[in-house]
Amino acid sequence: RLPSVEPTFQLPPRVAPRAEVALKLTLTRHSKPAAVQAPRFHKRLDAEQWWAVLGAPDTGELLALRRVAFSHRSASTTLLFDAPDAPGSYRYALYLLCDAYFGLDQQFVVPFAVAL
């Protein structure tokens with residue numbers, strides 16, 4: 001009954017310094033949707049919610065945060081953030097957090113380059 005969710009994301013390989021960058025995130029559910037098993041919660045939860053968090057692990061900076069809700073088998077959202085000022089290669093972290101179950105959180109590396 002635990003949800004099985006697979007994320008895919010798209011990001012331009014090179015961006016300009018200080019440009020607004022759009023990371024397109026799609027979540028695909030491989031399991032059948034079911035009500036959350038939470039007997040001590042004060043109301044019935046029909047489905048879990050997911051949070052997409054983009055951060056810079058080196059600096060501890062939070063860059064983008066979005067709640068993602070499934071309509072059927074997939075969900076899509078766009079995370080917007082500003083590119084760093086200095087040219088170079090960067091590796092941000094994309095965290096996918098489940099609000100209903102422990103142990104389902106996922107972490108992914110998001111590499112991109114800032115070029116003049």
Side-chain angles (χ1 to χ4, degrees):
R1 291 187 176 218
L2 291 176
S4 174
V5 175
E6 179 184 353
T8 55
F9 57 88
Q10 295 177 338
L11 184 68
R14 295 179 193 265
V15 296
R18 295 182 296 275
E20 184 175 68
V21 182
L23 180 126
K24 296 178 183 177
L25 174 66
T26 302
L27 303 179
T28 304
R29 180 190 297 273
H30 295 293
S31 58
K32 183 179 175 182
V36 174
Q37 300 297 312
R40 294 186 181 192
F41 196 65
H42 68 280
K43 65 179 184 174
R44 176 183 159 94
L45 296 175
D46 292 328
E48 77 281 352
Q49 299 287 314
W50 293 85
W51 289 88
V53 181
L54 183 68
D58 297 341
T59 62
E61 184 179 4
L62 174 67
L63 301 168
L65 173 71
R66 295 291 298 238
R67 186 173 58 127
V68 184
F70 280 90
S71 57
H72 292 288
R73 290 252 187 224
S74 66
S76 297
T77 190
T78 301
L79 299 169
L80 299 174
F81 65 96
D82 292 330
D85 297 339
S89 296
Y90 292 88
R91 296 170 58 92
Y92 286 167
L94 174 65
Y95 303 96
L96 186 59
L97 309 172
C98 180
D99 74 343
Y101 296 107
F102 288 116
L104 296 183
D105 301 340
Q106 301 175 40
Q107 178 179 348
F108 302 92
V109 175
V110 179
F112 68 98
V114 175
L116 294 174

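In this chain, residues are counted from 1 in sequence order.
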Please output the side-chain donor-acceptor pairs of residues 4-18 that fall under 3.5 Å, not counting sequence neighbours, one pair per line with the distance.
from : atom 1 : to    : atom 2 : distance (Å)
Glu6 : OE1    : His30 : NE2    : 2.7

Could you report the tightest heavy-atom contact between Val114 and Ala83, atom names first, then the distance?
CG2-CB, 4.3 Å
Straight-line distance of Thr28 OG1 to Phe70 CZ, nearest 0.5 Å:
7.0 Å
Whether Asp82 side chain and Val21 backbone form a donor-acceptor pair below 3.5 Å:
no
For residues Pro84 and Tyr92, report the shortest heavy-atom separation together with the two atoms involved.
CG-OH, 3.3 Å
Given a cutoff of under 4.5 Å between side-chain heavy atoms of I, L, V, M, F, W and Y, with clusters grown through shared members, what are the other residues clustered with Trp51?
Val53, Leu62, Leu65, Tyr95, Leu97
For Leu79 and Arg66 the tightest heavy-atom approach is CD2-CG, 3.0 Å
Interatomic distance, Asp58 atom CG to Arg91 atom CZ [nearest 0.5 angstrom]:
9.5 Å
Walk me through it: do Leu27 and Ser74 pass the test side chain to side chain contact (heavy atoms under 4.5 Å, CB included)?
CA-CA 5 Å; Leu27 303 179; Ser74 66; over 6 Å; no
Is it the case that more than 12 heavy atoms not belonging to Arg73 sit under 6.0 Å from its CZ atom?
yes
From Leu25 atom CG to Ser76 atom OG, the distance as rounded to the nearest 0.5 Å:
7.5 Å
Return the minimal non-hydrogen interatomic distance between Leu96 and Trp50, and the atom names on each side.
CG-CE3, 3.7 Å
Same cluster for Phe112 and Leu80 if Ile/Leu/Val/Met/Phe/Trp/Tyr side chains link at under 4.5 Å?
no
Tell me every residue that passes side-chain hydrogen bond (donor to acceptor under 3.5 Å, both in side chains) with Gln107, counting only those two or more places apart in sequence or in another chain.
none
